[in-house]
Each structure stands twice: as C-alpha cells, then as structure tokens.
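Okay, so here's the structure we're looking at.
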Amino acid sequence: MTAHMVALGFRACLVCWFLLASPARGAQAQEPHLLRLGIFVPDRVVHVRDVVKPWVARVNERLAEYGYEIKLMAGGSLGRDGEMQLRLLTAGVSDITWFPTGYVAGRLPAVPLLEIPYLSDDPEDLTQAFWRLYTRGLLDGLSDVHPLALSVSPANFLHLAFDLDTLDGLSNRKIRVANAAQARIVGAVGGTAVGGITATQVAESLSRNMIDGTLFSWHGTRATGIERTTRTHVRQPLAFSLRLW
C-alpha cells in the first residue's frame, strides 16, 4: 500500500467547508488566532505526513487573510488517548481533531454499514459513500460538531506476533480490534477480540505479550512500531476503519 494510494483514498472526501464568519483583521494584526488541530498519532504516520500536513499548509494560505492559522499538534501533545479526542474537542482543548470512529462506539449508528467485510475493496468508494451518508442526513450523532472530512482507511490485515499455519492457530489468540465489526470477525475465526487499545499502544501491547496480534492497515504499521513487533502477516483484507475530522 503506497502513500499515494492512502492519500488518494483520504483526499477523495476531503471537502472542507470550514467557513470563517469573522472579517479580516487587517495589516495591523500582530499574531494570528490559532486553531489547534490535535492528532494523537505521530506526524510520521503516512496520512499525517503526506495528507494532513500539506492540507494544513494550503488551508493556512487562505486563512491568513482572516487572521487565523491552523496549528498541527500531532503525536498526542493535546492527549494521547484516541478515545478522548472527541471529548477534548467538545471541551475546547482542541479546535479540530481526527480520530477513528471505532473510538466512539455507538455514537454513529450508521457507521457499521461501511465496516462490513467485502462490501468493497476500494477505500475511495467507501469514503465517498461515507460522505454521502452524512450529506443526506443519514449519519446521526454529529449534531454538536462540524465534520470537515470523513474517510475510510485502506483495508485492515492480520498482523501476528507468532507463526500461523492454519486458521486453527488463531484459536484463543488475543487480537486487538478497533470496532465491533472487527471483533465479530476475530470471534468467527476462533480468536479473542481485545478492544480499548489505541493505535499508539499496539506495539507496546504486542511486545509485552498482552495481545498476540492486531487488525491494522499496512500504511500505519511502520510508524506505530507494529512492523517490528510482529512476524506474520495475513494478506487478506478483512476490515476497514473509518475516520472523522
């Protein structure tokens, strides 16, 4: 999975309608008003490095005349817990945030429709479907926030810290999952689904033998350390993860 493909899938629905009602501050303005964009994963992760950072640079060129500037705060500087990102936003700690929808399970009841395995093998198509659900008023649970973009990551694969010869080898193995759909997939093959572990905690959990593997997309395995803490990779797309800005 290349960075270009990840960026393409993400950009497919990067439709920013962030309109500022405030008038331009004029030449006398000394410092821009900062809008804090909090991201809990490191800025070396491909979608942050190749998509978010260039997007912030382009948008800031337009915001400058209004006296505003987006400041990217990656790596958890505003909070490392992925499950807290929405709460940090509504509490005013961050002004813009990004997080997987699996971290707010139950808040978006329509999301599981797009997490069905083999619904599509194209994250760009799923991203467009995700945005259409929202624009047609079918995505409940967002009345107190203003989505800038919705996206679907490349497919998730099984990354394991042990050798696997047959599916029977997954029996009773602890596999980290990001949402309910992934938990059902793991259960169907005899594994034990483990939730509550964010992307930045997976590698440490693997190294401490707290889990035996994870469902994760290829594009984030190196930056999060999953690549060095696993040794078997099942090259069969099993699930997708959805993202919200």
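Fair warning: this is a prediction, and the values are worked out from it, not measured in the lab. Along the sequence shown, residues are numbered consecutively beginning with 1.
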With the side chain counted from C-beta on, respond yes when [X] and [Y] share a heavy-atom pair under 4.5 Å apart, and no when they do not.
{"X": "Arg176", "Y": "Leu215", "result": "no"}
{"X": "Thr224", "Y": "Val202", "result": "no"}
{"X": "Thr127", "Y": "Leu150", "result": "no"}
{"X": "Arg62", "Y": "Arg58", "result": "no"}
{"X": "Tyr134", "Y": "Pro147", "result": "yes"}
{"X": "Asn179", "Y": "Thr101", "result": "no"}

Who pairs with [X] by salt bridge (Lys or Arg N to Asp or Glu O under 4.0 Å), at least two apart in sequence or on another chain?
{"X": "Lys71", "result": "none"}
{"X": "Arg228", "result": "none"}
{"X": "Arg208", "result": "Glu204"}
{"X": "Arg231", "result": "Asp163"}

Pairing residues for [X] by the side chain to side chain donor-acceptor pair (under 3.5 Å) criterion, not counting sequence neighbours:
{"X": "Asp144", "answer": "Arg107"}
{"X": "Glu61", "answer": "none"}
{"X": "Arg222", "answer": "Glu227"}

Side chain to side chain contact (heavy atoms under 4.5 Å, CB included) between His159 and Thr221, worked out: CA-CA 9 Å; His159 306 277; Thr221 55; 3.8 Å; yes
Can you tell me how far CG of Leu139 sits from CZ of Arg132, rounded to the nearest 0.5 angstrom?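 These two atoms lie 13.5 Å from each other.
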To the nearest 0.5 Å, what is the distance between CG on Leu86 and CZ on Phe99?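 With rounding to 0.5 Å, CG (Leu86) is 4.5 Å from CZ (Phe99).
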For Pro32 against Glu69, the heavy-atom pair lying closest together: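 Here Pro32 and Glu69 meet closest at CG-OE1, 3.2 Å.
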Heavy-atom pair with the smallest gap, counting every atom of Val56 and Ile70: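 Minimum heavy-atom separation between Val56 and Ile70: CG1-O, 3.7 Å.
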Test ring pair (Phe, Tyr, Trp, His ring centres under 6.0 Å) applied to Phe216 - qualifying residues, sequence neighbours left out: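 With sequence neighbours excluded, Phe216 shows a ring pair (Phe, Tyr, Trp, His ring centres under 6.0 Å) to no residue whatsoever.
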Scan residues 86-96 for pairs that pass side chain to side chain donor-acceptor pair (under 3.5 Å), counting only residues two or more places apart or in two chains.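 Only Arg36-Asp95 qualify under side chain to side chain donor-acceptor pair (under 3.5 Å).
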Assign the ring pair Phe157 / Trp218 to parallel, tilted or perpendicular, where the plane angle (0 to 90°) is split at 30° and 60°.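 Taking Trp218 first and then Phe157, their aromatic rings sit tilted (interplane angle of 30° to 60°).
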Hydrophobic cluster identity match, [X] and [Y], side-chain contacts under 4.5 Å:
{"X": "Leu164", "Y": "Val177", "result": "yes"}
{"X": "Leu78", "Y": "Val41", "result": "no"}
{"X": "Val186", "Y": "Ile211", "result": "no"}
{"X": "Leu37", "Y": "Met73", "result": "no"}
{"X": "Ile96", "Y": "Phe40", "result": "yes"}

Donor-acceptor pair, side chain of [X] and main chain of [Y], under 3.5 angstrom:
{"X": "Asp43", "Y": "Val48", "result": "no"}
{"X": "Thr229", "Y": "Ile226", "result": "yes"}
{"X": "Ser217", "Y": "Asn156", "result": "no"}
{"X": "Thr232", "Y": "Phe162", "result": "yes"}
{"X": "Gln182", "Y": "Thr214", "result": "no"}

I'd like to check the side chain to side chain contact (heavy atoms under 4.5 Å, CB included) partners of Ala64; sequence neighbours left out, ordered by chain and number.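 Per chain and number, Ala64 pairs via side chain to side chain contact (heavy atoms under 4.5 Å, CB included) with no residue.
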Can you give the donor-acceptor pairs under 3.5 Å from side chains of residues 189-199 to other protein atoms, not counting sequence neighbours?
unit_1 : atom_1 : unit_2 : atom_2 : d
Thr198 : OG1    : Thr200 : OG1    : 3.3
Thr198 : OG1    : Gln201 : OE1    : 3.3

In sequence, state the C-alpha distance, the side-chain angles, and the governing distance for Leu158 and Leu170, and then conclude on side chain to side chain contact (heavy atoms under 4.5 Å, CB included). CA-CA 11 Å; Leu158 266 175; Leu170 292 173; 4.0 Å; yes
Taking transitive links into account, so neighbours of neighbours count too, which hydrophobic residues share a cluster with Met210 at under 4.5 Å side-chain distance?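 Direct or chained contacts put Met210 with none.
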